[in-house]
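Presented below is the structure to which this report refers.
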Amino acid sequence: MTLPPKPEARADRVSLWGHLRAFRRDILSAQPARLYRAWMAEFRSPFFRSYLCNDPALVRRVLDQNPEAFPKSGRVTAGLRPLLGRSVFVTNGEEWLHQRRIIDPAFEGGRLREVFPAIWAAAEAAVARMEGGVVEIEPAASHVAADVIFRTLFSIPIEDRLAQAVFHAFQTYQRSAPILNLAAFLPLPGWFPHFHRRSTLRSAAEIRGLITRLTTDRATAIAAGTAPSDLATKIMTTPDPVTSQPFATEEMVDQVAIFFLAGHETSASALGWALYLLATHPEAQDRVAAEAAGLEPAFATLSTLRFTRDVFRETLRLYPPVPMLVRESLSEQEFRGRRVAKGAQVVISPWHLHRHERIWQNPDGFNPDRWTTAETKDASRDGYMPFSRGPRVCPGAGFAMLEGTLLLAHLLRSFRFEAMPNRVPVPVAHLTVRAKDGIWLRVSPRAPAGQESSIR
Ligand code: HEM
């Protein structure tokens, strides 16, 4: 069985210029091969040092046990400010705590049942849109992931005029935006100004203008008592239990911007890779299709999609949409006997942890069945964190697992996906882990035409 594609790692020793050139190409292939075996690596630049931590005890220290000592790195979040303002993704300290106290209740387990019908409707629409033949799958994945966000957050489908405008503005933004997390490695001083391309600033301003309209319209509907019961209404009507303050409009615009970005880019990346992995593993594909044959439009149907869920989990292991998380050390620390100076960049890399040779058996192989074994329980405790962990864990994790599983089941119930042998996708990190030249698959209807009429 051929292994799923992985970027070629660079040699373990390389000059600073070689390193920089590699980074400009891609942050994943710029990393040395030894990071799949090492517990820690230090990167030196004239202005600061970065530490990539694979040691599970260190990861726990940074993310779970002492997160206040390692806030989000300003080097990285500065690049996102024009779009995200002061959203929960970029803030720290008291401001961040206040935002999470309002946001978290909207995503609690029980509320997943309420978003199920909207995600089901988006999945049906994606099946109806899918064309046969050779298809570049990533745009289709982005389309349905954006549809899921519009339907669950604002109760509007992507066909809505305002939703269309936001979606297109995001696409433009993604094409011009800087590569996330690169700043943690670039050997520039912290005071070095962040230059944003004019096109990035323009599309960020356009997105924020459109989202402001959605948010103010919703505020009016809430005041009139006519607002639908969805995530936006829930978040906008929840006061912070500590300060009793709800989000002001501008604050809500910041949060909506991150829900679109974090919620649709990531899910689209995972869905694209999941379809590629199934296309290259036809036996697993048939097992998903067999499970999906029993799909019912009720929340309980999810408990029958065990293998499909494990396919999605295994996809998130091999292609974690967020490949690296970057924190900054607020004070001097000691990591594995080494002194870590104040201001050092601390990089936790789901990409390397998920394929770490000392944590996983067959780390580069696609094996969804591994998720039913006891070994995986241990390995995943130490080396699996597609949604991060600790207090800053992704609030949308449960939502994203539901969405990924349901979208896969819907698509596999209706279609067969085949890989193109001459088009092997090479993973690269943009805003999320994407394929360098897209993911191209041959799509054909699975069931005889008559049996598909109910879902088309
Ligand atoms: C497969 C899909 C997803 C993946 C892999 C994912 C992954 C992540 C990761 C790794 C982080 C932490 C980033 C860091 O600390 O630097 C994060 C944060 C976040 N995610 Fe997700 N996410 C997904 C879907 C979603 C969805 C559907 C939503 C909301 C609708 C969402 C909302 C957020 C927010 C608001 C944060 C910031 C949390 C904070 O900093 O306190 N994500 N996500």
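Just so you know, ligand 1 is whichever comes first in the structure, and atom 1 is the first atom listed for that ligand. Numbering of residues begins at 1 and proceeds along the displayed sequence.
Between the Asp310 side chain and the Asp369 main chain, no donor and acceptor come within less than 3.5 Å of each other.
Annotation: salt bridge (Lys or Arg N to Asp or Glu O under 4.0 Å) contacts involving residues 385-408, sequence neighbours excluded, comprise Asp64-Arg389. Counting only residues at least two apart or on different chains, the salt bridge (Lys or Arg N to Asp or Glu O under 4.0 Å) pairs with a member in residues 324-334 are Glu332-Arg339.
Relative ring orientation between Phe170 and His264 is described as perpendicular, the plane-to-plane angle rising above 60° on a 0-90° scale split at 30° and 60°. Under the 30°/60° scheme for interplanar angles, the aromatic rings of Phe167 and His143 are found to be tilted.
A distance below 6.0 Å separates the ring centres of Phe150 and Phe260.
Against a heavy-atom cut-off of under 4.0 Å, Trp96 is close to the following atoms of ligand 1: 39 (C), 40 (O), 41 (O). Those atoms of ligand 1 with a heavy atom of Pro321 less than 4.0 angstrom away are 5 (C). Proximity to Phe399 (heavy-atom distance under 4.0 Å) selects the following atoms of ligand 1: 27 (C). The Leu325 neighbourhood of ligand 1 comprises atoms 10 (C), 13 (C), 14 (C), 16 (O), with distances under 4.0 Å to a heavy atom of that residue. Close contacts of ligand 1 with Ser267, meaning ligand atoms under 4.0 Å from a residue heavy atom, involve 2 (C).
Here's the thing with Arg100: one of its N/O atoms is less than 3.5 angstrom from an N/O atom of ligand 1. Residue Glu403 places no N or O, backbone or side chain, under 3.5 Å from any N or O of ligand 1.
Both the sub-6.0 Å distance and the 45° axial angle are not jointly satisfied by Arg101 relative to the ring of Trp96. Taking the ring centre of Tyr319 as origin, the terminal cationic atom of Arg355 falls inside the region bounded by 6.0 Å and 45° from the ring axis.
Gln164 and His168 are linked by a side-chain donor-acceptor pair at a separation below 3.5 angstrom, with hydrogens and angles left out of the test. Looking only at atom types and distance, the side chain of Asp217 has no donor-acceptor partner in the side chain of Thr220 under 3.5 Å away.
Within the protein, the number of N/O/S atoms found under 2.8 Å from atom 21 (Fe) of ligand 1 is 1.
Results of the side chain to side chain contact (heavy atoms under 4.5 Å, CB included) test with Arg213 over Leu210, Thr215, Ile211 single out Leu210 as the only residue that passes. The ring pair (Phe, Tyr, Trp, His ring centres under 6.0 Å) test with His356 is passed by exactly one of Tyr36, Trp39, Trp351, Tyr384: Trp39.
Of all the heavy atoms of His264, none lies under 4.0 Å from any atom of ligand 1, so neither backbone nor side chain is involved. Counting heavy atoms under 4.0 Å from ligand 1, residue Met385 does not touch it at all.
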Listing, residues 107-116 side-chain donor-acceptor contacts under 3.5 Å, not counting sequence neighbours, or none:
from   : atom 1 : to     : atom 2 : distance (Å)
Arg111 : NH2    : Glu114 : OE1    : 3.2

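Not a single heavy atom of Glu265 lies less than 4.0 angstrom from ligand 1. For Lys72, the heavy-atom gap to ligand 1 drops under 4.0 angstrom.
Considering only non-hydrogen protein atoms, atom 37 (C) of ligand 1 sits nearest to Phe89 CD1, 3.6 Å. From the protein, the heavy atom lying nearest to atom 15 (O) of ligand 1 is Arg327 NH2, 2.9 Å. Summary of contacts: the protein heavy atom closest to atom 40 (O) of ligand 1 is Arg392 NE, 2.9 Å. The single protein non-hydrogen atom nearest to atom 10 (C) of ligand 1 is Pro386 O, 3.3 Å, given as residue, atom name and distance.
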